[in-house]
Amino acid sequence: MTALLIASVLSLHAAFAWGRAQVFRIDGATPAGVRLIEAASAVSIAAGTLLIATRTAPHALFDPLALLFATVSAALFAWGVHAVGRLALTAAFSADTPRQLLTHGPFRFSRNPFYAAYLLGHAVPMLATRSAWALPALVVMAGIYVAAVRVEEHKFLASPLAGAWRAYAAHTGRFLPRLKRPATSATTSIKEFP
């Protein structure tokens, strides 16, 4: 089970790295926030892998739960990639003005399905090891992703898509789906600004 958990963590983060290069674009210089995410992720992945490799024993409940988190993370990430399609979203902390608002696929339920997938992936070592040493990496990554989300939300609120984004945000959770969603008449899945 330990080898399977390590393989899950490494393959999941390899997919995330692929996504950074193929799904997200950077216009101009790489934002410092992207470099921070890359460095912090590398430390988190290395620490998590080491903790899993050196754990004392498997656990009948938490090992399957860790694998479930990895599977859900991978599925959410793949669904997000599929929903984005040929569009190239800008990377975290980019200073661009949003020109489109995705509201289909996982974006129908979460404004940030990629960040939700990343957080699930970073939670796997903590579940697999039940070690307090895994918690700091998860907390740091969560803090960075929340900061990135706030930058993106401010970009939308300062853009011509502000009204559409407010309506979307009113019924869509930041990371998790809202339990009760107000009725909406919107049928468009991508709102664009020319």
Side-chain angles (χ1 to χ4, degrees), residues 1-26 30-84 89-94 105-107 109-152 173-177 179:
M1 184 62 91
T2 297
L4 180 58
L5 286 164
I6 290 171
S8 296
V9 166
L10 294 177
S11 60
L12 186 59
H13 288 287
F16 296 161
W18 170 87
R20 163 48 195 93
Q22 298 298 316
V23 179
F24 299 96
R25 75 177 195 277
I26 294 177
T30 302
V34 169
R35 293 186 194 281
L36 176 63
I37 289 171
E38 291 170 346
S41 289
V43 170
S44 175
I45 295 162
T49 302
L50 180 63
L51 286 170
I52 293 170
T54 59
R55 70 191 188 145
T56 56
H59 193 280
L61 174 64
F62 286 104
D63 284 0
L65 188 59
L67 287 174
L68 177 64
F69 268 51
T71 302
V72 171
S73 174
L76 184 57
F77 178 78
W79 192 17
V81 169
H82 178 73
V84 169
L89 302 179
T90 54
F93 298 104
S94 295
F107 295 93
F109 305 101
S110 168
R111 297 192 305 267
N112 302 285
F114 287 111
Y115 293 131
Y118 303 155
L119 287 170
L120 287 169
H122 285 288
V124 169
M126 189 177 67
L127 290 169
T129 64
R130 299 151 328 272
S131 170
W133 291 105
L135 187 59
L138 178 59
V139 169
V140 167
M141 294 311 302
I144 294 169
Y145 294 140
V146 167
V149 164
R150 288 185 175 151
V151 167
E152 290 171 19
R174 181 178 272 170
F175 294 106
L176 300 174
L179 295 178

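Start at 1 with the first residue, then count along the sequence. What you see is a predicted model, and the numbers here were worked out from it, not measured in a lab.
In this structure, V23 and W18 have side chains that are in contact, with non-hydrogen atoms separated by less than 4.5 Å. For the pair I144 and F93, the minimum side-chain heavy-atom distance is below 4.5 Å. Within the 4.5 Å cutoff, the side chain of M126 has no heavy atoms near those of the F69 side chain. Proximity of R111 to V149: side-chain heavy atoms (C-beta onward) are nowhere separated by under 4.5 Å.
Residues passing the ring-ring contact (aromatic ring centres under 6.0 Å, His included) test with F175, sequence neighbours excluded: none. Residues forming a side chain to side chain contact (heavy atoms under 4.5 Å, CB included) with A66 (at least two apart in sequence, or on another chain): L5, V124, L127, A128. Applying the salt bridge (charged side-chain N to carboxylate O under 4.0 Å, His left out) rule to R150 yields no partners; only residues at least two apart in sequence or on another chain are considered. Residues passing the side chain to side chain contact (heavy atoms under 4.5 Å, CB included) test with T2 are I6, I52, R55, sequence neighbours excluded.
The distance from atom CG of L138 to atom CG of L120, rounded to the nearest 0.5 Å, is 9.5 Å. Expressed to the nearest 0.5 Å, how far OH of Y118 lies from CG of L12 amounts to 10.0 Å. A distance of 11.0 Å separates OG in S73 from CG in L68, rounded to the nearest 0.5 Å. Here the CG-NE2 distance, from L65 to H59, works out to 10.5 Å after rounding to the nearest 0.5 Å.
The shortest heavy-atom contact between D63 and P58 is OD2-CB, 3.2 Å.
Within the structure, salt bridge (charged side-chain N to carboxylate O under 4.0 Å, His left out) pairs that include any residue of residues 112-131 do not occur (at least two apart or interchain).
No donor-acceptor pair under 3.5 Å is formed between the side chain of S110 and the backbone N or O of F107.
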Between side-chain atoms of residues 31-46 and protein atoms elsewhere (two or more places apart, or another chain), which donor-acceptor pairs fall under 3.5 Å?
residue, atom, partner, partner atom, Å
E38, OE2, R20, NE, 3.4
S41, OG, I37, O, 2.9
S44, OG, H122, ND1, 2.8

